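This report concerns only the one structure given below.
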Amino acid sequence: MTAKTPARRRARSVTRNTLTPSFINNMNSMQIASPARISSRTASTAVNDSPNPFISQSKSRNTSPVKRTVSGGIEVTHELKRQASSGVIRKGGIESRMNVVKNDYIPPPSAPETKVPRRSKSTASLRAEAQLEGDRFIPTRDIDSLAASLDRLAIQPMSSSPGHTARLAEATGINLHGRILSYHEAPPVPTDKTLQKQREAVAPLYARPGELPSSTGTVTNKSRKIPTQPERVLDAPGIVDDFYLNLISWSSQNVLAVALAENTYVWRADTGEVSHVGEAPQGSYVSSVDFSNDGAFLGVGIGTGDVELWDIESSTRLRTMTGHQAQVATLSWNGHILSSGCGDGSIWHHDVRMPRHKVMELNGHSGEVCGLKWRADGELLASGANDNVVNIWDGRVGDVAEGSRGHAKWTKRNHTAAVKALAWCPWQPSLLATGGGTNDATIHIWNSTTGARLHSLKTPSQVTSIQWCPHKKELLSTHGYPTNSLMIHAYPSLERVAEIRDAHDSRVLFSTLGPAGDVVCTGAGDENLKFWRVWELEKQKKKRAPKENNRLTSSRTGLMTIR
């Protein structure tokens, strides 16, 4: 290492000695544009002897061609030489005046870029949007072009056994050259009005309406709730599933009467005792029952057309009143007058005190009378029948004798189905509520004084009975298929306060209100009687006893008072 050191120093000294004044003068006389203009001989010598570490020392590099000089030469000063020898040129020196790049590259103008919209995962792809103008799920093309595009779905009869395929297609009624899946136009509107009416008539049977917005289907507001389960259930085997009959009645003495086929039973709510009252003649059945106003007597209608009068205490039949030519579907009491609605459309008034019981006949219906109700004061009688007619009769007639015939005060034909549900309002006697059957399913409220219809309410199914609440402005309606429900409506708004869906396994046909006005008993073809507490009794305020100054009336003596 020590022997080579003087040789390196001598080589460096030789390199420095080559930059003599005469050589510098020769360089000043030259016009250069770049370092590459040096001749090949001078360049090779400078490369081998230059101390600049950034210049390659390889001898195999080809020599640069001789460059043509350009105008605009720069004078090489001592400062420039010093910077060139060190290999570093500072910014701000002579290099800032050198125009190295004569012509910069400018790319040709390109087409304006289209902004690609960002799409979420739920939107269709851009390619699909370019191919289809409409929605990707719902075709918007016309039926003809769409049907032409579905030719791929045609059945291909090419198989190994064409005979078997032809026989199979003939047996199943499939066209081999047709499409299995295809779009068709909407069916034309039926021109036959009879067919259209039939479709509208059966529409309620196939459309089950939505129930009330609540978890149990019985609560409509925060302040009003009714139980969804009955308080008591009684078995009623053999009860007749007939819309036109009236088979239960609740008396003012808290006794319930129910007709089961040909037998009549009473159930005492106070004790829970059940007793058999009587039996219909052989080959017949009980079609209606109704208690007298005082609850001491029970009227029983028979399918043969007879009307029987029974004493509840002794369970004895007092008399049988005949004359009807068809079944007695409904009964209603007014004092000592028992009115009966018959299957031939007639209404008879029976005076139970007289041997000749028939005192009047009312003919205002052409169909079976299935609804009959006297007002509490006995002045008006409402009747409904299978002819879709509601009649209001005036009971304050002059002479009532055998063979007398009455005429209806009001006749209403707004219902489009049989009218069985009838109810007089207890706190406003002029109001009458009526309900229609399956084809109608509407509740109407009438003013019996003026004959005007005050309110109407469309319900989801046939109305089988109506009950007014005696101490609150509400009414209850029972319904048949498809809801089999109990509904409570406010009056006069007729808003649905509460509803019990599927109260019975079959349509709710009968209902009666208890003497207290808080419990409703319902009967249905599922052979059950259910008791529902739909209304709460009003709490009576206790009257405070007057205070006296006597010492004997102290709290201590009050505890010993017999109440």
Side-chain angles (χ1 to χ4, degrees), residues 218 226-234 236 239-252 254-260 265-267 269 287-291 329-332 370-374 382 384 418-426 432-438 441 443 457 459-470 472 474-481 483-489 491 496-535:
T218 60
I226 62 174
T228 60
Q229 299 298 327
E231 287 192 351
R232 184 186 297 269
V233 179
L234 299 179
I239 191 170
V240 181
D241 187 2
D242 193 335
F243 173 81
Y244 297 97
L245 305 185
N246 295 270
L247 302 181
I248 60 176
S249 179
W250 206 334
S251 72
S252 58
N254 206 11
V255 178
L256 178 69
V258 55
L260 304 179
Y265 297 88
V266 293
W267 175 76
S287 56
S288 59
V289 293
D290 190 53
F291 275 105
T330 178
L331 296 171
S332 182
C370 52
L372 197 64
K373 188 70 64 175
W374 277 98
V419 182
K420 176 189 177 183
L422 299 170
W424 290 97
C425 181
L432 172 66
T434 62
T438 303
I443 297 176
L457 175 64
T459 64
S461 57
Q462 64 178 167
V463 184
T464 56
S465 65
I466 298 175
Q467 302 292 337
W468 286 91
C469 178
K472 188 176 294 187
E474 293 178 354
L475 63 134
L476 177 140
S477 60
T478 61
H479 300 269
Y481 184 81
T483 59
N484 303 333
S485 62
L486 278 66
M487 295 184 184
I488 300 178
H489 313 276
Y491 186 84
R496 195 184 309 177
V497 177
E499 179 184 10
I500 302 177
R501 282 292 185 97
D502 298 322
H504 286 264
D505 294 337
S506 61
R507 55 181 181 174
V508 185
L509 294 176
F510 324 109
S511 72
T512 181
L513 184 63
D518 57 342
V519 179
V520 174
C521 176
T522 58
D526 59 356
E527 299 184 346
N528 286 325
L529 297 178
K530 296 184 179 182
F531 297 82
W532 310 87
R533 187 174 297 277
V534 293
W535 290 300

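As the structure is a computational prediction, the values presented were derived from the model and not from experiment.
For the pair Thr483 and Thr459, the minimum side-chain heavy-atom distance is 4.5 Å or more. The shortest distance between side-chain heavy atoms of Ile466 and Leu475 falls below 4.5 Å. Under the 4.5 Å side-chain criterion, counting only non-hydrogen atoms from C-beta, Asp241 is in contact with Arg507. Between Phe291 and Val255 there is a side-chain heavy-atom pair separated by less than 4.5 Å. Side-chain contact between Leu234 and Tyr265: absent, with no pair of heavy atoms (C-beta onward) separated by less than 4.5 Å.
Using the six-membered ring where Trp is involved, His504 and Trp532 have ring planes that are perpendicular, over 60° apart on the 30 and 60° scheme.
Side-chain atoms of Lys373 never come within 3.5 Å of backbone atoms of Trp424 as a donor-acceptor pair (strictly under, hydrogens ignored). In this structure, Thr464 contributes its side chain and Gly480 its backbone to no donor-acceptor pair below 3.5 Å. Judged by distance alone, with hydrogens and angles left aside, the side-chain atoms of Trp535 form no donor-acceptor pair with the main-chain N or O of Gly517 at under 3.5 Å. When atom types are taken as modelled, the side chain of Lys420 and the backbone of Leu245 share a donor-acceptor pair closer than 3.5 angstrom. A donor-acceptor distance shorter than 3.5 angstrom exists from the side chain of Asn246 to the backbone of Ala329, with no hydrogens or angles considered. Remark: the backbone N or O of Asp526 is not paired with any side-chain donor or acceptor of Asp505 at under 3.5 angstrom.
Residue Leu486 holds its CG atom at 5.5 Å from OG1 of Thr522, rounded to the nearest 0.5 Å. Atoms SG and CG, from Cys425 and Leu432 in turn, are 10.0 Å apart once rounded to the nearest 0.5 Å. To the nearest 0.5 Å, atom CD of residue Glu474 and atom SG of residue Cys469 are 6.0 Å apart. Atoms CZ and CD1, on Arg496 and Ile488 in that order, are 11.5 Å from each other to the nearest 0.5 Å. Here the CZ-CD1 distance, from Arg533 to Ile226, works out to 13.0 Å after rounding to the nearest 0.5 Å. Once rounded to the nearest 0.5 Å, the distance linking SG of Cys521 with CG of Leu529 reads 5.0 Å.
Residues Lys530 and Ala503 share a closest heavy-atom pair of NZ-O, 2.7 Å. The two residues Ala236 and Leu260 have their closest heavy-atom pair at CB-CD2, 3.6 Å. Across all non-hydrogen atoms, the minimal contact from Gly525 to Ser506 is N-OG, 3.2 Å. For the residue pair Ser332 and Asp290, the shortest heavy atom distance occurs at CA-OD2, 3.5 Å. Listed here is the closest heavy atom pair of Ser477 and Val463: CB-CG1, 4.5 Å.
Between the side chains of Thr330 and Ser288, no donor N or O sits under 3.5 Å from an acceptor N or O.
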Tell me which donor-acceptor pairs under 3.5 Å the side chains of residues 508-516 have, and how far apart each pair is, sequence neighbours excluded?
from, atom 1, to, atom 2, distance (Å)
Ser511, OG, Ser465, OG, 2.5
Ser511, OG, Gln467, NE2, 3.3
Thr512, OG1, Trp250, N, 3.3

